[in-house]
Structures are given as C-alpha cells and as structure tokens.
Amino acid sequence: MTAPSPTVIDPTALKEWLHDGSEIALLDVREYGEFGESHPFYAVSLPYSRLELDVRRLVPRSTSRVVLYDDGGESDVAVRAASRLGDLGYEALHILRGGLSAWRAAGLATFAGVNLPSKTFGELAELAYHTPHISARELADRVARGDNLVILDGRPPAEFAKMSIPGGICCPNGELALRAESLAPDPATTIVINCAGRTRSIIGAQTLINMGIANPVLALENGTQGWFLEGLALERGASRRYADALVTGDLPRQRANALGLARRYGATIIAREQLRGWLSEPSRTTFLCDVRTAEEFARGSLPGAQHAPGGQLVQATDQYVGVRRARIVVFDGEMVRAPVIASWLVQLGWDASVLDVDVETLQTQPASAHINATHSDDPVIASAELATALTSGARLVDIRPSSSYRKCHVQGALWSIRPRLRELRIEPGERVVLIADEAGLAMLAARELRSVAGPDLAVAVHLEGPAAWAEAGLPTLASADVPADSECIDYLFFVHDRHDGNRAAALQYLAWETDLVSQIDSRERNEFRLA
C-alpha cells in the first residue's frame, strides 16, 4: 500500500499544535550543527544522516503526529525525510511550509544550543528552589584550606575523563540519591556537585536536598567552565568513581524517601500489568526507560526498554524521547534512582511513572537494542583493499564526523554527509567507497547515492580508522580548515569548543544558558510544573 503524502502546515498552526495538549513530534531533519545554531524550543534533532537509525527509538508509534522541517527555501531535506518515513510506515506526516525561514518570518522565536527544555528547566529550578551554590574561587580556597568537603561530578564517566575538578569523584546525577551518602558518610562533610556548566550541577545538588540528605550541599557555579574561567587548572583523564557496592542498610530509608519524593510531585507507581496495557494502546505513546548504569543494563533489562541513564534523561530528555506529551515509564531495580528521576520528569512537564520491578526480574531478561531500519549487502573492505581501490580510481567519500576528517583522513578522500551526497554528482558506472565509523550510516549513505545514480551503483564500505590506515601504509592528511567551518553542518562549535580551552566559547555558552529563561514565552514557561 502506498504511504499517504505528507500534508503541509503553516508556522502559526504549528505553534498552536505545540500547545494543544496532544502528542506531537517536531523533528528537525537538518544536521546537528545546523540544529544547534537555531531551532524552535520544542524541536527534536533527528539529522537526515541518521534518520532511519534513530526514528523508531525517538518516535516508536507509526501513527504519531509528526512534523518535519528543514531550512526552507531550496532545501528538500524535509521532503526526502518524509518519503523515507513514509516507507517505514509512518502515517501522520506533516511538513512545515517554508521551513525554519518561514517560522522566523512569522515572528516566532528560535533558539541556539541543544536540549533546550532541560537546560531552561535547570535555570528555572534554581530560581524556584534557591539552590545554594559556591563559586569556583571559593571552592578552590576551601580545598586549599583542607575543609571537610567532597566534590562529586554529576556527568557520565566519559565526560568526567575529559576534564574534571582536581580531586573530584565521578558520580553521575542518576546515581546521586543512591551513592552520595556512602561517598560522604560524615554528615558534616559538605557535598559540592559539579558538571561542565550549570544544569546538572543545579539538578544534582537539588536532588540531594530534596531527598533530605543531612550533609550541606552546594552546586558549583558554572561547573568546570567556571573553574577554567577563573584560571584554575582542570584535571584530564581522571577515573575516580563511586564504589559499586551498596550500603544495603541504607536502602529501606532511601527507598522510602525516593518514593515519597516521586509521589509529592505527582509521579505514579505502576505494576507490570499496567505497563503492558499502556504499551498496547494504539493512540498513546509510552517510552520505557532503564535509568541504571550501562553495566547494569547490559546484564539484563526489560523487552522494549531503552537505556537512558537517569541524570542524562533529565539533562537531555529530547535525546531519548521524541514525542511531546508521551508517557515516560522509568525503572531501576531498587526503587531509589527511578522515583527521583520521575520526580524531575514530572516537573519538566512529562507524564512520568515508576515501574515496580526488582533487579532479579531484570537480570533474567536480555537487554534489547532498538532495531535499525537498514539493510545492505555492500561489501566491507579492509585498509589493504582500500589502498587498491584508491589506485584503481574508486571515488573515496568520507562520511565520518567533519571533526574526525579534519584530524585525519585518507589522502584523496572527500568529506561529505548524507544530505549533500547528491552534490558529488556520482555517475552510474563509478565505484564508490564510503569511509565510515558506523555501518548504519554507510548503509543510509549508499542508499542515498543509489537514489540518484541508480540501483546498480557499485558501493563498498570501509569501517577502519587512522590506526589501521597507518599500519597499511595508507597516506593520510590532517586539514584544520577542510571542510570549512560553514560546511561542518554536523558540528556545533560553541558547544564543543568550550571544552578545548576556548574562553570565548565558554563565556558564550554560559551566557546562552543563563539567558534561556528570558527568551521563552509564557506558554512555554507554563508547560513546566515546578513547585
């Protein structure tokens, strides 16, 4: 059966849809860098380069109301995306007439940055709760004096390893309610929570305060960026983290406090039977999120659950949930972490519930991976074969991130990305080798090339990187300015460069974060449910 054609919607009508109380997925199908420069408040980034890989996770129900947009003008990315989603069975597809340009022309606001609802919520939470904080300079002075304090970094281990406050301990926000007391067993010890900027510092500190922890708790103002801007040295490559073993004697009290917190803010506690009913509803979307650690998730979870570490689910909800006003059901196995996360999700404006399930049940179920809607029979070649292909005149197209290409690429390879592959003007008789760091992206790129050059285009895929190229003796290059900044549509400079010693980027990011509250309109602000 032929998929129905998408309808076209005007910007003013879309604005009303976003506040009409019904489910909606507003998907920005431009690339991540373009999205981060400017987009509507509730837009979710789903780059065309990854469309079929991520859409089932972000929009699991094919009957969901979906609105797609691109830049407008001569861009046809939204039209192409609608065609691909129609092929996957999505039935209620709409395209924003005139794209982002028309949205702006209608006088509607656009925002820079990513994870806007979560970031704005962090600033509103600080205002509502008067979350106590400490400046980087004051913290450095207290550390130098040898004060009784512990610094807990609320980010995941990979972010912590990039840069951290010297002496800090990695304890992601989702773990704080369960682990903080064992890291600061003396109630006189001051606990300082930090992240890279502001949101996770505020939410992490307020989590412990809301849980009623006895220790004094402070948020580090502006996180590692504030530390860096004070001229203080950051630590690189640290691996300190909380101990895996739990203080089991604390669990009953922690569980009671966490469940009380969830109920206080309106989160419900549900059983498996109710979850099954929700998941079978044809007209409502339910996201099932395992908020535990990656290691716990790998040991077993529930069918259909996605791994969404609790702190990240609050910090970047739109990376896990693409449908506004959908239900979110969270679970953990011990009923401490999930209730705390649900308390925040409700305040963020979500219909959030906690699933009553024990860890023994979880460990009998294999963790599930979302199924990518991709398939390809294209051969995968190693570095030695890549050298042969290069000398035989094959077209080498590198579709790795533009930042990776700049650092190192095979001499003779051109950088491109799925929405721009048509600009390469590949001829039907050519042989193309796609250099990628993810097989799914290569499959989608090959599909895109064949849509232009014909189904018989010869494509091979190469999934190795610089170490393998060096071993095979392949000539490589670094190119700091190729592709040009304007071509790096997958990279958001001011967000990433703040971690690389760029003071201007750090200042710009912090100014952006603190200014979000003043930019939203009354309807956007009223979607939050802070006390």
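Values reported hereafter were calculated over all heavy atoms of this structure, with side chains retained and with hydrogens, waters and symmetry mates removed.
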Legend entry - Point-to-point distance, once rounded to the nearest 0.5 Å, from CG of Leu516 to CZ of Phe41: 7.0 Å
Legend entry - Stepwise salt bridge (charged side-chain N to carboxylate O under 4.0 Å, His left out) test for Glu438 and Arg400: CA-CA 8 Å; Glu438 189 176 338; Arg400 297 175 304 141; over 6 Å; no
Legend entry - Residues Arg30, Asp70: salt bridge by 4.0 Å N-O rule: no
Legend entry - CD-CG distance between Glu16 and Asp20, expressed to the nearest 0.5 angstrom: 8.5 Å
Legend entry - Presence of salt bridge, Asp378 and Arg450, under 4.0 angstrom: yes
Legend entry - Check against side chain to side chain donor-acceptor pair (under 3.5 Å), Glu34 and His39: CA-CA 9 Å; Glu34 297 172 301; His39 60 273; over 6 Å; no
Inset, instruction - Please report the shortest heavy-atom distance between Ser62 and Gly89, naming the atom on each side. - result: CB-O, 3.5 Å
Legend entry - Residue pair Tyr48, Glu448: steps toward the side chain to side chain donor-acceptor pair (under 3.5 Å) verdict: CA-CA 11 Å; Tyr48 183 61; Glu448 194 74 21; 2.6 Å; yes
Inset, instruction - Using modelled atom types only, decide if a donor and an acceptor are shared between the side chain of Asp10 and the backbone of Thr12 within a distance under 3.5 Å. - result: no
Inset, instruction - Could you go through the side chain to side chain contact (heavy atoms under 4.5 Å, CB included) check for His462 and Leu396 one step at a time? - result: CA-CA 10 Å; His462 176 72; Leu396 271 55; over 6 Å; no
Legend entry - Heavy-atom closest contact (Phe111 atom, Pro40 atom, distance): CD1-C, 4.3 Å
Legend entry - Candidates Arg65, Arg61, Arg327 - the one meeting salt bridge (Lys or Arg N to Asp or Glu O under 4.0 Å) with Glu23: Arg61
Inset, instruction - If the plane angle is over 60° it's perpendicular, under 30° parallel, otherwise tilted; pick one for Tyr491 and Phe493. - result: perpendicular
Legend entry - Residue pair Ile328 / Val330, side-chain heavy-atom distance below 4.5 Å: yes
Legend entry - Listed partners of Asp290 passing salt bridge (charged side-chain N to carboxylate O under 4.0 Å, His left out), at least two apart: Arg292
Inset, instruction - Look at the side chain of Ser201 and the backbone N and O of Cys195, then say whether any donor-acceptor pair between them is shorter than 3.5 Å. - result: yes
Legend entry - Over all atoms of both residues, closest heavy-atom pair of Ile203 and Gly122: CD1-CA, 4.3 Å
Inset, instruction - Mind running side chain to side chain contact (heavy atoms under 4.5 Å, CB included) on Ile9 and Ile95 for me, showing each step along the way? - result: CA-CA 6 Å; Ile9 180 173; Ile95 294 176; over 6 Å; no
Inset, instruction - Check the pair Arg325, Glu527 against salt bridge (charged side-chain N to carboxylate O under 4.0 Å, His left out), reporting the backbone distance first and the verdict last. - result: CA-CA 10 Å; Arg325 298 191 185 85; Glu527 295 280 349; 3.1 Å; yes
Inset, instruction - Would you please test Glu31 and Arg418 for salt bridge (charged side-chain N to carboxylate O under 4.0 Å, His left out) and show each step? - result: CA-CA 9 Å; Glu31 296 307 304; Arg418 187 186 184 191; over 6 Å; no
Legend entry - For Thr293, side-chain contact (heavy atoms from CB on, under 4.5 Å) partners two or more places apart: Glu175, Tyr242, Glu295, Glu296, Arg337
Inset, instruction - Determine yes or no for a side-chain-to-main-chain donor-acceptor pair under 3.5 angstrom, with Ser75 supplying the side chain and Gly72 the backbone. - result: no
Inset, instruction - For residues Thr285 and Ser64, report the shortest heavy-atom separation together with the two atoms involved. - result: OG1-OG, 3.6 Å
Inset, instruction - Measure from NZ or CZ of Arg284 to the centre of the six-membered ring of Trp278 and say whether it is under 6.0 Å with the direction within 45° of the ring axis. - result: no
Legend entry - Value rounded to 0.5 Å, distance of CZ in Arg50 from CG in Leu58: 10.0 Å
Legend entry - Intermediate values then yes/no, side chain to side chain contact (heavy atoms under 4.5 Å, CB included), Leu68 and Leu96: CA-CA 6 Å; Leu68 308 170; Leu96 176 60; over 6 Å; no
Inset, instruction - Mind running salt bridge (charged side-chain N to carboxylate O under 4.0 Å, His left out) on Arg523 and Asp521 for me, showing each step along the way? - result: CA-CA 6 Å; Arg523 287 195 288 182; Asp521 63 32; 5.3 Å; no
Inset, instruction - Drop me the distance from Leu424's CG to Arg422's CZ, to the nearest 0.5 angstrom. - result: 12.0 Å
Inset, instruction - Give a yes or no on whether the backbone of Ile399 and the side-chain of Trp415 come within a donor-acceptor separation of less than 3.5 Å. - result: no
Inset, instruction - Report the residues that fulfil ring-ring contact (aromatic ring centres under 6.0 Å, His included) with Tyr265, sequence neighbours left out, ordered by chain and then residue number. - result: none
Legend entry - Minimum side-chain heavy-atom gap Ile24-Val323 below 4.5 Å: no
Inset, instruction - Would you check, one step at a time, whether the test side chain to side chain donor-acceptor pair (under 3.5 Å) holds for Glu513 with Thr199? - result: CA-CA 9 Å; Glu513 204 165 11; Thr199 308; 3.0 Å; yes
Inset, instruction - Mind running side chain to side chain contact (heavy atoms under 4.5 Å, CB included) on Glu37 and Leu492 for me, showing each step along the way? - result: CA-CA 7 Å; Glu37 290 294 338; Leu492 185 54; 3.5 Å; yes
Inset, instruction - Give the minimum heavy-atom separation between Asp332 and Pro339, together with the two atoms involved. - result: OD2-CD, 3.9 Å
Inset, instruction - For Asn173 and Gly204, work out which heavy atoms get closest and say how close. - result: ND2-N, 3.4 Å
Inset, instruction - Would you mind reporting whether Leu444 and Glu52 have side-chain heavy atoms less than 4.5 Å apart? - result: yes
Inset, instruction - Give, for atom CG of Leu51 and atom OG of Ser83, the distance between the pair rounded to the nearest 0.5 Å. - result: 10.5 Å
Inset, instruction - Run the salt-bridge test on Glu159 and Arg200 with the 4.0 Å N-O cut-off and return the result as yes or no. - result: yes
Inset, instruction - Measure from the ring center of His94 to the ring center of Trp17 and say whether it is less than 6.0 Å. - result: yes
Legend entry - Separation between CG of Asp28 and CG of Asp318, rounded to the nearest 0.5 Å: 11.0 Å
Legend entry - side chain to side chain donor-acceptor pair (under 3.5 Å) between Asn115 and Ser118, worked out: CA-CA 6 Å; Asn115 311 133; Ser118 295; over 6 Å; no
Inset, instruction - Taking Ser38 for its side chain and Ala112 for its backbone only, find out whether a donor-acceptor pair lies under 3.5 Å. - result: no
Inset, instruction - Would you confirm whether Ser101, through its side chain, and Gly98, through its main-chain N or O, come within 3.5 Å as a donor-acceptor pair? - result: no
